[in-house]
Amino acid sequence: MSIAPYIKEIGRGKEGARSLGRDQAEDLMGQVLDGRVSDLEVGAFAMAMRIKGESTEELLGFLRAVHERCLPLTPQSPAVILPSYNGARKLPNLTALLALLVAQTGTPVLVHGPSNDPGRVTTASVFRNLGLPIARDADDVRHGWARREPVFMATETLCPPLARLLDVRWVVGLRNPGHTVAKLLDPTTGARSLRVVNHTHPEYGTALAAFLQSAGASAMLLRGTEGEPVADPRRSPRLDVFLRGELRADLSVPAQEGVLTELPVLPRSIDAATTAVYIQSVVSGEKPAPGPLARQVDSLHRAVMALTETAAHELIA
């Protein structure tokens, strides 16, 4: 089996490349994830898609292939899914703080991402410094949720084939469709989740919004902080909430405009240990949560309540 016919379609350059259909994309990604193609073909796939960019239909197919190879998780109530794949370079990585604050509302929270990144402060490292659970299997996730704790699961545990695809970056030097799919991943069964999907460029946000609508997904879409799914602690970004693919203005939050009158007190260092100490001080009430994070938590809570209500009505019907 070869993916050469697919590469021929997507590898004709930015102007000449043609997008694949959903089934073709699923077949291509399935072959890549299952290791049924050569390293050379994987590299060609990564480079071609990097130049062309993913269409909505391709993302739907890629994601379907990845979901089929993921560890399935079944929360008892709608969960919030936080994909953490960028880490921190300049600002503290506050994804773990967002996870803790959301978990305090009684919502199951799953954070997934790499265990390590040589150039960034990962959420996994902050979780370890906080003493929060790093799940090794579905039972660990279930026990963490029962304790009302957010749970981190490494990609290599959640979906080993996807983790291997992500590692191609360290060889070719560029991200590939696996990174986009990872940020859209929903490993829960029965549509029991609200994904927090972040982007770094406005045009990519437009493409992701189209994907969420087409997929009928429940999600919060925002411009993340250094690629993390958490609001910038200095100024609130726009938070667009989708329920079953429908943009809900009543649950969304507009971006903060005007001149900032107050900046949050953040740790001076971004290392994992210092970040964990700061997060503990916020969770304990010693320090206030940054306003943008508090608004994000409130929006997520209202969205989860609306999703729960919708699911209840469907059961009655």
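For the pair Asp139 and Arg142, the salt-bridge criterion is met [side-chain N within less than 4.0 Å of a carboxylate O]. For the pair Asp167 and Arg169, the salt-bridge criterion is not met [side-chain N within less than 4.0 Å of a carboxylate O].
Side-chain N or O atoms of Glu41 include one that pairs as donor or acceptor with a backbone N or O of Ser38 at under 3.5 Å. Side chain of Thr274 to main chain of Asp271: no donor-acceptor pair is present (N/O by atom type, distance under 3.5 Å, no hydrogens or angles). Between the Gln31 side chain and the Leu28 main chain, no donor and acceptor come within less than 3.5 Å of each other. A donor-acceptor distance shorter than 3.5 angstrom exists from the side chain of Gln256 to the backbone of Ser236, with no hydrogens or angles considered. Arg12 contributes a side-chain N or O that, together with a main-chain N or O of Lys8, makes up a donor-acceptor pair within less than 3.5 Å.
The nearest pair of heavy atoms linking Leu293 to Ala231 is CD1-O, 3.3 Å. Of all heavy-atom pairs spanning Asp137 and Asp140, the tightest one is OD1-N, 2.9 Å. Listed here is the closest heavy atom pair of Thr123 and Ala96: CG2-N, 4.2 Å. Heavy atoms only, all atoms of each residue included: Thr157 and Ala135 are closest at CG2-O, 4.1 Å. The nearest pair of heavy atoms linking Gly30 to Ala65 is N-CB, 3.9 Å. Contact between Pro108 and Pro78 at its shortest, heavy atoms only, is CD-O, 3.5 Å.
Residues Leu110 and Phe152 are not in side-chain contact: their nearest non-hydrogen atoms beyond the backbone lie 4.5 Å or more apart. Side-chain contact between Cys159 and Leu71: absent, with no pair of heavy atoms (C-beta onward) separated by less than 4.5 Å. Residues His67 and Pro187 are not in side-chain contact: their nearest non-hydrogen atoms beyond the backbone lie 4.5 Å or more apart. For the pair Pro288/Val282, no side-chain contact is recorded, criterion being any heavy-atom separation below 4.5 Å from C-beta on. At a threshold of 4.5 Å between non-hydrogen side-chain atoms, the residues Pro229 and Thr95 count as touching. Two residues are said to be in side-chain contact when any heavy atoms from C-beta on lie closer than 4.5 Å; Val111 and Val151 fail this criterion. Between Arg234 and Pro292 there is no side-chain heavy-atom pair separated by less than 4.5 Å. In this structure, Trp145 and Pro150 have side chains that are not in contact, with every pair of non-hydrogen atoms separated by 4.5 Å or more.
Qualifying salt bridge (charged side-chain N to carboxylate O under 4.0 Å, His left out) partners for Asp39, counting only residues two or more places apart in sequence or in other chains: none. Considering only residues two or more places apart in sequence or on other chains, Arg175 meets the side-chain hydrogen bond (donor to acceptor under 3.5 Å, both in side chains) condition with none of them. By the side-chain hydrogen bond (donor to acceptor under 3.5 Å, both in side chains) test, Glu246 pairs with no residue at all, sequence neighbours left out. For Phe211, there are no ring-ring contact (aromatic ring centres under 6.0 Å, His included) partners two or more places apart in sequence or in a different chain. For Arg268, there are no side-chain hydrogen bond (donor to acceptor under 3.5 Å, both in side chains) partners two or more places apart in sequence or in a different chain. For Arg22, the salt bridge (charged side-chain N to carboxylate O under 4.0 Å, His left out) partners are Glu57, not counting sequence neighbours. Listed by chain and number, the residues in a side-chain hydrogen bond (donor to acceptor under 3.5 Å, both in side chains) with Ser214 amount to none (sequence neighbours excluded). Legend: residues meeting side-chain contact (heavy atoms from CB on, under 4.5 Å) with Ser299, ordered by chain and number and at least two apart, are Met220, Leu239, Val241, Val253, Arg302. For Phe242, the ring-ring contact (aromatic ring centres under 6.0 Å, His included) test picks out no residue, with sequence neighbours left out. A search for side-chain contact (heavy atoms from CB on, under 4.5 Å) contacts involving Thr74 returns Thr189, not counting sequence neighbours.
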Residue pair Glu58, Lys52: steps toward the salt bridge (charged side-chain N to carboxylate O under 4.0 Å, His left out) verdict: CA-CA 11 Å; Glu58 286 170 335; Lys52 185 185 81 67; 2.8 Å; yes

For a side-chain contact (heavy atoms from CB on, under 4.5 Å) check, start with the C-alpha distance between Leu300 and Leu98, then their side-chain angles and the critical distance, and finish with the verdict. CA-CA 10 Å; Leu300 284 170; Leu98 174 64; 4.2 Å; yes

Evaluate Asp232 against Arg235 for salt bridge (charged side-chain N to carboxylate O under 4.0 Å, His left out), listing each step before the verdict. CA-CA 6 Å; Asp232 190 318; Arg235 183 190 293 271; over 6 Å; no

Steps toward side-chain contact (heavy atoms from CB on, under 4.5 Å) verdict (Ser218, Arg195): CA-CA 6 Å; Ser218 296; Arg195 288 171 264 188; over 6 Å; no

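Note that CG of Leu20 and CG of Asp27 are 10.0 Å apart. Values are rounded to the nearest 0.5 Å. Interatomic distance, CG of Leu162 versus SG of Cys70, reported as 6.5 Å (0.5 Å rounding). Of the inter-residue distances, the one linking Thr225 atom OG1 with Leu91 atom CG reads 7.0 Å to the nearest 0.5 angstrom. The CD1 atom of Ile7 sits 6.5 Å away from atom OG of Ser2, with the distance rounded to the nearest 0.5 Å. Atom CD of Glu149 sits about 9.5 Å away from atom CZ of Phe127, to the nearest 0.5 Å. If you take CG on Leu243 and CD on Glu309, they are separated by 10.5 Å, rounding to the nearest 0.5 Å.
Using cut-offs of 30° and 60° on the angle between ring planes, the pair Phe62 and Phe45 is perpendicular.
Note on residues 196-210: pairs passing side-chain hydrogen bond (donor to acceptor under 3.5 Å, both in side chains), not counting sequence neighbours, are Thr180-Tyr204. Applying the salt bridge (Lys or Arg N to Asp or Glu O under 4.0 Å) definition to pairs two or more places apart or across chains, those involving residues 65-92 are Asp34-Arg69.
When only modelled atom types and interatomic distance are considered, Asn93 and Thr275 share no side-chain donor-acceptor pair under 3.5 Å. In the model, Tyr85 has no side-chain atom that pairs as donor or acceptor with a side-chain atom of Asp117 under 3.5 Å.
Between Leu100 and the options Val297, Leu94, Leu132, a side-chain contact (heavy atoms from CB on, under 4.5 Å) holds for only Leu132. When each of His179, Glu228, Lys183 is tested with Asn86 by the rule side chain to side chain donor-acceptor pair (under 3.5 Å), just one qualifies, namely Lys183. The only option from Ile81, Thr155, Leu63 that meets the side-chain contact (heavy atoms from CB on, under 4.5 Å) definition with Leu185 turns out to be Leu63. When each of Leu221, Leu222, Val230 is paired with Pro237, the side-chain contact (heavy atoms from CB on, under 4.5 Å) condition holds for Leu222 and for no other.
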